[in-house]
Each structure stands twice: as C-alpha cells, then as structure tokens.
J.: 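Once you've had a glance at the structure underneath, I'll fire off some questions.
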Amino acid sequence: MTKNLTRRDFIRAVGGITAMAVSGDLGPDVFAAQKRMFQFPEKDELILLTSRPPNLETPLHHFKKRVTPNKSLFVRWHIANIPTSIDLKEWRLKVGGHTEKELLLSMDELKKFERVTYTAVIQCAGNGRSFFEPKIPGAQWEHGSMGNVTWTGARLRDILNRAGMKSGAIDVSFNGLDTGTLPTVHDFIRSLPADKAMEEDVMVAYEMNGEPLLLLNGYPARLVVPGWYAPYWIKALNEISVWPKRFEGFWMDIAYRIPDNPCACVPPGSTPQKTIPIRRMNTRSLILEPEDGARLSLKKPVRMMGIAFSGGFKIKDVIVSVDGGKNWREAKLGRDEGRYSWIQWFHTWVPSKPGRYGLMARAMNGIGESQPFESLWNPAGYMWNKIEKIGITVE
Amino acid sequence: MKILLIFTVLFSSVLFALSQDRTPNATVRSIHLPDIRTDLKPGEGREKAESLCVICHSLDYIPMQPGFSKAQWAAIVNKMIKVFGAPINEADANLIINYLAEKYGSKE
C-alpha cells in the first residue's frame, strides 16, 4: 500500500517570494519560496513540513470559516511511531496512579460520562516560528498550525472523580500511543497541575466537529485543554496518571519551556536565566482578506476580514490600520462563539487614491492582553503574536 | 424458478461470507501513511546523514530548516545524540555536521 510518491507528488511555488516582491518590505518574511502540498489519509491537501512523523500545516484561506473542517486541520506529531490502526475492542483509557481505584475505560464507558461540547482554538506552541529573527531550529510553521474546532467529550474532572484522586495530588500526566523508534527517545508524556486538571472545561474529547477524531488528529480520544497551547492536548490518549509529587519528564522539564518573565522573551539570540512550562495562549489576530500582495481597484470598497483569539479570555476589540499603523479604527466583530473560540472581524474602507497600503490588525482580549509591534523572541520560537502587516496595491 | 432459487442461495452465501469477513474489523480504524522520499543535496557526508537521521525522522526535517551556521548544526546533531540517543559515532557526527553546514548552511 505504501508508495514512493517522490515523482508523483508536486512541488508548488506558493505566495512567499511573489508576495514579498509585490509588497516590498510589507510582506511576511518567508524563509522558502517553495511549499510542498500533500494529501494525507482523511485529509485535504495540506502544506507538508515533514512526513515522518507527519507535520502538516493548514493553508491560511481555510481560516475564513468560523470552524475549521476536520480535513483541513493541521497535524503535529513529535515522535515517529504514530498509531495508524486502532481497534476499539482493544483500546482502553487507563486512569490510575495516586487514585482510590484504577479505571480501564472503553470508548463506550467514556461516552457514558456527561457529554460536553464547546468550540476552542487549538494552536501549536511553535505556530509562527519561521517568522522569528534570528531563525530558530524546529518545525518551520507559518500561521497554519492552528484551527478552531468544536470538541465533544467527557470532562476530565468527572473521570478523575470516578477514579477518586487521593489527597495530596500534585500533577496529572497524560500519555498517548505514539512512541519513539529507539528506546532512548523520550516518550511524549505531558502533565497538568492537578488543580488545572480539575477545571471544568478540560475534557477528554472523542469527537471533533461532530465526528470521531481523525487518526492524524488523535483518534480515538485526545485531551483538550482550551486556552492552553496544544502540546498539552495529548493525542491517541491511553493513560492518565495522578502524581503525589511533581511529574518529571523531558517534555515538561527540558522541552516546551519559555523565559520566566512577563513577556516570555529575551533579547534575540540570548539564553534566559530561568524558564517555566509554556501554558496559556497569548492574544493573536490575523488578516485573511485581502490577501498579502493583492492588487485592488480604486473607488471600490476594500473588505477586510480576519480572525482574533486569546487564551480563554474572549476578544474585547480588534483595531485595524490601513496606513501602516498611523491611524486605527475599530473593526466590527462577528458572532461570539464562546471564550475559547476565535472570532471573526470585519472592516470595510474605500481607498481615496492609488498607491500602496499597509494593512494591520491588533486584537485585545478581555483582560487587556494585546499584541506587540515587535516580535518577542524566545529560544524555542514559541508564542508568535506580533501584529501582522500585509501590503496591497490600489490602482 | 430453480435457477432463481440457486442464484438467491448463492448470492446470500456470498453476502454472508462478506459480512463474516468484515465483522472482526468492524471496530478497527486504520490509515496507511504515504512513504514520501526527500533527496538531500549531493556532497560528502550525504550517505551518513541519509542512513542515520532517518532512524528517528524523515529527511525533510533538514531542508525545512532556514539555514544554520556550523555551530548551530553541531548543536542540533549533538542534541540528537545526547538527548535522544541517536547511535552516531564521533567521526560520523563530524562528517554529518560538516555536510549540513556546507549544504544547508546560513543563507547570508
């Protein structure tokens, strides 16, 4: 069944250099002109970053929809042996450790817990990594390692209460079915503080957009920690352990850490004194229309639209500029889909003279967190949320 | 009429066989991942890079990177060895580091 597709897949020059040529310094700094598009099983054609393990990015235009279709959602795995076949007769979710009893939940049993549903942004910690200067090793994501999905599942809290967390629980760890190719490769296990694990909105999801999860997105069940970056959202989840002490592991203690200061940043190229695990998402906005480098005709209204989201605190407002940041107007917000969802914003304006225009958008969340004009550098390239600037020409 | 009966019996048994064949897999969901090849640039050390890096990951991880200095590539290769246990001896590691720095180096 496996085929060598080297000659059959196709390489496409997309956006990148062309957009930069048109918009000059206004365009995003794209590291490579060529993006390889590829269709993986159960998926649309996505941008191929790596094939083993699969890391696939969603092209920006898919984000014009309020909810990201399953086929379009990005794919991100860390270690090479990923589950490609699941037998629900065999699969069990084991819950144990510092608990009164151990549970071995089948999918039928998992579905008997009260069903909860909400829409939440899922976003890779390294979304936007490729834009940082100086460049940072790792998956070179642009903006597409994110999506907005309606998740359905059981509350983690209900599952933990069924197992009976003993007093003195400190952390809860989560393991999935993926493994490394060598025994020395650290298994991808992540943990939440016990009090976070008991929050109402953390769920073990078994549906995305009303359908079973896709295998590449964590079938049959994954953790959903709305508002927090996706490394916590363990895919193909099969083991939950409660710890009476702090959980220790490579993926918590060495990887996925940010500088321990209010901006989570250090001078570009430098090393932070102290780090902490990356957790809640910062505030971001994107311009989806018009596209960077677009040529539009004078006197016709320009319709700007985009999305904005934050780590669970709603979006209070989005302001836009059409003159490279000199003047700002408030954009109109779309339908509110809840505090974890992204929200669409719209702004229409009629250009009065021909020329080049720099379009920008800046979101602010419900607790006053916004976006910086200059990127906030950190050694792993996480939490990119600089105000985006695109260039268009009116003629 | 007889022919119709024989046909019906035959058809039902085929259906039955098919359904039996499927039953054990009714709870199984599978995908087949495509085998996508990436060719690295020709150069001394390419064969070592191709044979050793793929133990843990596909080769597209290499051209995906924006281009790093020799020191940065050395840090990456050493991380693979020391942190993830990649079975690469010192001579091969040096060969691979030089190759990566030369063929996938900084784009200044």
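We name chains A, B, ... by the order of the sequence lines, and we start the count at 1 in each one.
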J.: Could you look at Glu42(A) and say if it's the side chain, the backbone, both or neither that has a heavy atom under 4.5 Å from chain B?
T.: side chain
J.: Out of Leu88(A), Ile82(A), Ile86(A), Asn55(A), which one racks up the most heavy-atom pairs below 4.5 Å with chain B?
T.: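 Among Leu88(A), Ile82(A), Ile86(A), Asn55(A), the one with the most close pairs to chain B is Ile86(A).
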J.: I need the Leu215(A) CG to Ser30(B) OG distance, nearest 0.5 Å.
T.: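 These two atoms lie 7.5 Å from each other.
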J.: For Ile76(B), is it the side chain, the backbone, both or neither that has a heavy atom under 4.5 Å from a heavy atom of chain A?
T.: side chain
J.: What's the separation between atom CD in Gln72(B) and atom CD1 in Ile136(A), rounded to the nearest 0.5 Å?
T.: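 Here the rounded value is 10.0 Å.
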J.: To check you understand the geometry: which heavy-atom pair defines the closest contact between Val28(B) and Ser85(A), and what is its length?
T.: CG1-OG, 3.5 Å
J.: For the residue pair Pro53(A) and Tyr61(B), establish whether any side-chain heavy-atom pair is separated by less than 4.5 Å.
T.: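 Result yes, sub-4.5 Å side-chain heavy-atom pair found.
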J.: Counting heavy-atom pairs under 4.5 Å with chain B, which one of Pro134(A), Gly138(A), Pro83(A), Ala139(A) comes out on top?
T.: Gly138(A)
J.: Closest heavy-atom contact between Pro34(B) and Phe38(A)?
T.: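 Closest approach of Pro34(B) to Phe38(A): CG-CE2, 3.6 Å.
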J.: For Phe40(A) and Ile36(B), what are the C-alpha separation, side-chain angles and deciding distance, and is it a side chain to side chain contact (heavy atoms under 4.5 Å, CB included)?
T.: CA-CA 11 Å; Phe40(A) 268 65; Ile36(B) 302 170; 3.8 Å; yes
J.: Between the main-chain N or O of Thr84(A) and the side-chain N or O of His32(B), is there a donor-acceptor pair closer than 3.5 Å?
T.: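 Flag not set: sc His32(B) to bb Thr84(A) has no pair under 3.5 Å.
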J.: Check whether Ala86(B) gets within reach of chain A through its side chain, its backbone, both or neither, counting any heavy atom under 4.5 Å.
T.: backbone
J.: Is Leu182(A) close to Pro87(B) at the side-chain level, that is, under 4.5 Å between some pair of heavy atoms?
T.: yes
J.: Is the backbone N or O of Leu33(B) less than 3.5 Å from a side-chain atom of Arg52(A), with the two atoms forming a donor-acceptor pair by type?
T.: no
J.: So Phe84(B) and Trp251(A), would you call those rings parallel, tilted or perpendicular, with 30° and 60° as cut-offs?
T.: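 Because their plane-to-plane angle lies in the 30° to 60° range, the rings of Phe84(B) and Trp251(A) count as tilted.
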J.: Rounded to the nearest 0.5 Å, what separation is found between the OG1 atom of Thr184(A) and the CE atom of Met80(B)?
T.: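 Reported value, rounded in 0.5 Å steps: 12.0 Å.
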J.: Roughly how far apart are Thr50(A) OG1 and Asp60(B) CG, rounded to 0.5 Å?
T.: 5.5 Å
J.: Do the side chains of His78(A) and His57(B) get nearer than 4.5 Å, heavy atoms only?
T.: no
J.: Can you find a pair of side-chain heavy atoms, one from Pro212(A) and one from Arg29(B), that are under 4.5 Å apart?
T.: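 Yes, side chains in contact.
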J.: Do the side-chain N and O atoms of Thr27(B) and Asp87(A) include a donor-acceptor pair separated by under 3.5 angstrom?
T.: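 Result is yes, a qualifying pair exists.
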J.: To the closest 0.5 Å, what do you measure between CZ (Arg36(A)) and CE (Met64(B))?
T.: 11.5 Å
